[in-house]
K.L.:
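One structure, as structure tokens, below. Some questions next.
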Amino acid sequence: MAQPKLSDGSVKLFQNSLPEDVGVFDREYTLQFLSIKKVGNNANAPISAPPERYRIIISDGQHYMQAMLATQLNELVQENLITKNTIAVIEKLTCNYVQEKRLVIILALRVLEHTADKIGDPQQIEPADQPIDSPAVVKQAQATSTSGASTPQAAPAIASASRPQAPANNGRQGNIFPIEGLSPYQNGWTIKARVTQKSDIKTWSNARGEGKLFNVTLMDDSGEIRGTGFNLVVDELYPKLEEGKVYFISKARVNLAKKKFSNVNNDYELSFERNTEVEECHETTNLPTIKYNFVPLNALEGLNKDAICDVIGVIKETSPLSEITSTKQNRQILKRDLTLVDKSEFSVRLTLWGKQAEQYNVPESNPIIAFKGVKVGDFGGRSLSMFSSSTMQINPDIEECFSLRGWYDNLGTDQTFKAHSNVGGSTSTFGFNRAEIRSLDEIKQAGYGMPEKPETFSTRATIMHIKNDNISYPACPTPNCNKKVVDVNGSWRCEKCNQSFGAPEHRYIMSMAVADYSGQAWLQGFNDVGTAVFGISANELLEIKAHPAHSIGDDAYQVWYISHPPSELQGRGNGNARFIVFCMG
DNA sequence: CCCCCCCC
């Protein structure tokens, strides 16, 4: 098979790109990974360590340079889906700029193939022609951004001295960082981000004191982050930041996010300080747009309760505004229910709260709305609910919206839709739906160790260890008997069938330790489990082990043993764990 | 430094 051709010259293009090129590397680049290395946590890292990051040396066959993998792609490394010498198509990237250094951040990729060798003889790329802090580049960057004419394919033009001097930019720093690239160890950054959500001003009073605050959700093409301002900063920034507008923001503090309190998909959050700079971006091109990862409505049952997802649908029904009393918070809350439908022929209810419920006012009867970051509930099988950090876009200018509009107007209006349903759902004491993937800790919390009756659940975990001894037993080959047979003078006797056989049928009896992010557990399983895990029957496995040349047999057995279990149990690839019945013990 | 995201 012909080797894929690497994108000649792309490393040089990255290295000579300018901040204004961020977000416009809009073609795909085929590159080879020369090395992948976990970047150690900084010695000053907080104890609640931030997520690990991977540094990748990328090569186009002529040159190589450093890149970072966006943390949402860490799994690719952890599951060995990308390794040294992997050739991949980079579908989306962005770049950090510090003087003559460029740091590519890989945001999306697909693997083409794994090769044994390095392609070509790539050399380290020379420093960029134009360091970012040089006056010429600042001038060039300004000129480019106002004209909106930056082209990633073209080699960057050298700034011409005859260009008019751009206006001063209020101290904004040249290094536009992608939100995904922010961390507590980065200084001197500026983000260019859209405010997708702004809270009301909230006041609090508790044992530690009182005060006021507001928060916003900020978004660019690389990701999103929550920002919060307290007290005096509220007075300064609350009026300045408007929902929907784009800003340059710098000199905010980057803190580790307390995940349990935030629904925004970032491990960090911003704290706006007295010296934080916020400047509205008046550019008309290269502005960040909301990125979605839509889940079709029929697939919601595959998501856990409390999962966060994006959906798009036609609004089939809109309820009037109503008011409920939150018993937990002892206050009245406004709500409005929308019924969404889509091409999967399912409908689902989505609830708006408070201000969003009150202000919902859409002139047409069946608009299409895209929702980002909504919560999955299990009322009526499946339901959806807005967080204050969720966003909705009415008739967004995206392909999925056009396609949905065409479908609905032609076919959808007369369609009947299936509702999610909890009929036949679990009446289990755990309260689990067997389709929902649960973490090991959740299962334990729900009553592991003292079940009143058998419980069914699904989990996704990695096999850490399989007990090596007694992995199978000799069983009666009669269909559905499965009873253990005993060797009587070379003939295998089944007490139940009252019959003897020349050979038994070996059946697995597995005991294995599995782990996920939340904890570990011992699982017991029988023949169907062993077959799924090893991919061969117990007879076949024993044959391998019993190879006449002992060492060969043992080696081959160990190869099966080591290489097969994890991928099987995780059911990687199709998004659904293979359903394997285990007992926890 | 907040931290609720609700009801049926």
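Predicted, not measured: the structure shown is a model, and the values here were computed from it. By convention in this document, chain letters (A, B, ...) are assigned in the order of the sequence lines, proteins followed by strands, and residues within each chain are numbered from 1.
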K.L.:
Rounded to whole Å, please give me the gap between CD in A/Q332 and C1' in B/dC5.
P.N.:
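Computing the A/Q332:CD to B/dC5:C1' distance gives 16 Å.
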K.L.:
Please tell me which of the listed nucleotides, B/dC1, B/dC5, B/dC4, lies nearest to the side chain of A/K258?
P.N.:
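Closest nucleotide to the A/K258 side chain: B/dC1.
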K.L.:
Only counting residues at least two apart or in another chain, list the ones meeting salt bridge (Lys or Arg N to Asp or Glu O under 4.0 Å) with A/E224.
P.N.:
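With sequence neighbours excluded, A/E224 shows a salt bridge (Lys or Arg N to Asp or Glu O under 4.0 Å) to no residue whatsoever.
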K.L.:
Just compare B/dC4, B/dC7, B/dC2 and give me whichever is closest to any side-chain atom of A/T327.
P.N.:
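Within the option list, the nearest is B/dC7.
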K.L.:
So for A/S326 and B/dC7, does any side-chain atom that can act as donor or acceptor lie under 3.5 Å from a complementary atom in the base?
P.N.:
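Such a pair does not exist between side chain and base.
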K.L.:
Could you state the NZ-C1' distance from A/K260 to B/dC2, rounded to the nearest angstrom?
P.N.:
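These atoms are roughly 13 Å apart.
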K.L.:
In whole angstroms, how far is the P atom of B/dC6 from the CG atom of A/D337?
P.N.:
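Taking atom P of B/dC6 as the reference, CG of A/D337 is at 13 Å.
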K.L.:
Starting at atom NZ of A/K259, determine the distance to atom P of B/dC5, rounded to an integer number of angstrom.
P.N.:
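Rounding to the nearest Å, NZ of A/K259 and P of B/dC5 are 17 Å apart.
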K.L.:
List the atom of A/K305, the atom of A/R382, and the distance in Å for their closest heavy-atom pair.
P.N.:
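For A/K305 and A/R382, the tightest heavy-atom pair comes out as N-NH2, 4.0 Å.
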K.L.:
Return the set of residues passing salt bridge (Lys or Arg N to Asp or Glu O under 4.0 Å) with A/E243 (not counting sequence neighbours), or none when no residue passes.
P.N.:
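A/E243 satisfies salt bridge (Lys or Arg N to Asp or Glu O under 4.0 Å) with no residue once adjacent residues are dropped.
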K.L.:
For the side chain of A/K328, counting heavy atoms from C-beta on, which of B/dC5, B/dC3, B/dC6 is nearest?
P.N.:
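So the side chain of A/K328 is nearest to B/dC5.
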K.L.:
Tell me which nucleotide among B/dC7, B/dC2, B/dC1 gets nearest to the side chain of A/R349.
P.N.:
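Among the listed nucleotides, the one closest to the side chain of A/R349 is B/dC7.
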K.L.:
Measuring from A/E180:CD to A/S222:OG, what's the distance to the nearest 0.5 Å?
P.N.:
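Answer for the CD-OG pair, A/E180 versus A/S222, is 5.5 Å.
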K.L.:
Does A/K335 make a side-chain donor-acceptor contact with the base of B/dC7, cut-off 3.5 Å?
P.N.:
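Per atom types, the contact qualifies.
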K.L.:
A/D200 CG to B/dC4 P: how many Å, rounded?
P.N.:
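It is 17 Å, rounded to the nearest whole Å.
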K.L.:
For A/F230 and B/dC1, are the ring centres under 5.5 Å apart with planes inclined under 30°?
P.N.:
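Yes, A/F230 stacks on the base of B/dC1, since the ring centres sit under 5.5 Å apart and the planes are within 30°.
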K.L.:
What pairs of residues pass the salt bridge (Lys or Arg N to Asp or Glu O under 4.0 Å) test when at least one of them lies in residues 181-204 of chain A, not counting sequence neighbours?
P.N.:
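Matches after skipping sequence neighbours: A/K192-A/E283, A/D200-A/K355.
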K.L.:
Out of the candidates A/I225, A/V246, A/I179, A/L287, only one should pair with A/D220 under the side-chain contact (heavy atoms from CB on, under 4.5 Å) rule; please name it.
P.N.:
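Testing A/D220 for a side-chain contact (heavy atoms from CB on, under 4.5 Å) against A/I225, A/V246, A/I179, A/L287 leaves exactly one candidate, A/I179.
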K.L.:
Rounded to the Å, how far apart are A/Q197 CD and B/dC2 P?
P.N.:
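Interatomic distance, CD of A/Q197 to P of B/dC2: 18 Å.
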K.L.:
Of the listed nucleotides (B/dC1, B/dC3, B/dC4), which one gets closest to any side-chain atom of A/K202?
P.N.:
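Nucleotide nearest to A/K202's side chain: B/dC4.
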K.L.:
So which nucleotide from B/dC6, B/dC5, B/dC4 ends up closest to the side chain of A/I324?
P.N.:
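Shortest atom-to-atom distance from the side chain points to B/dC6.
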K.L.:
Near DNA chain B, under 4.0 Å by heavy atom, which residues of residues 206-213 of chain A?
P.N.:
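Contacts with DNA chain B under 4.0 Å: A/N206, A/R208, A/L213.
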K.L.:
Please tabulate, one pair per line, all N/O donor-acceptor pairs under 3.5 Å involving side-chain atoms of residues 291-298 of chain A, not counting sequence neighbours.
P.N.:
residue	atom	partner	partner atom	Å
A/K291	NZ	A/D221	OD1	2.5
A/K291	NZ	A/T289	O	3.1
A/K291	NZ	A/T289	OG1	2.9
A/Y292	OH	A/Q393	OE1	2.5

K.L.:
Answer with base, sugar-phosphate or nothing: what part of the nucleic acid does A/S271 contact at a heavy-atom distance below 4.0 Å?
P.N.:
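Counting heavy atoms under 4.0 Å across all strands, no contact is made by A/S271.
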K.L.:
Show every donor-acceptor pair shorter than 3.5 Å between a side-chain atom in residues 358-371 of chain A and any protein atom, with sequence neighbours excluded, or say none if there are none.
P.N.:
residue	atom	partner	partner atom	Å
A/E364	OE2	A/N395	ND2	2.6
A/N366	ND2	A/I315	O	2.7

K.L.:
Of all the nucleotides listed (B/dC2, B/dC4, B/dC7), which has the minimum atom distance to the side chain of A/Q329?
P.N.:
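The nucleotide sitting nearest to the side chain is B/dC4.
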K.L.:
Compare the minimum distances between each of B/dC5, B/dC4, B/dC2 and the side chain of A/R331, then state the nucleotide with the smallest one.
P.N.:
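Taking heavy atoms from C-beta onward, the closest nucleotide is B/dC4.
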K.L.:
Identify which nucleotide among B/dC1, B/dC8, B/dC6 has an atom closest to any side-chain atom of A/W204, counting heavy atoms from C-beta outward.
P.N.:
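When the side chain of A/W204 is considered, B/dC1 is the closest of B/dC1, B/dC8, B/dC6.
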K.L.:
Centroid distance below 5.5 Å plus an interplanar angle below 30 degrees: do A/F387 and B/dC5 meet both conditions?
P.N.:
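No, aromatic ring not over the base.
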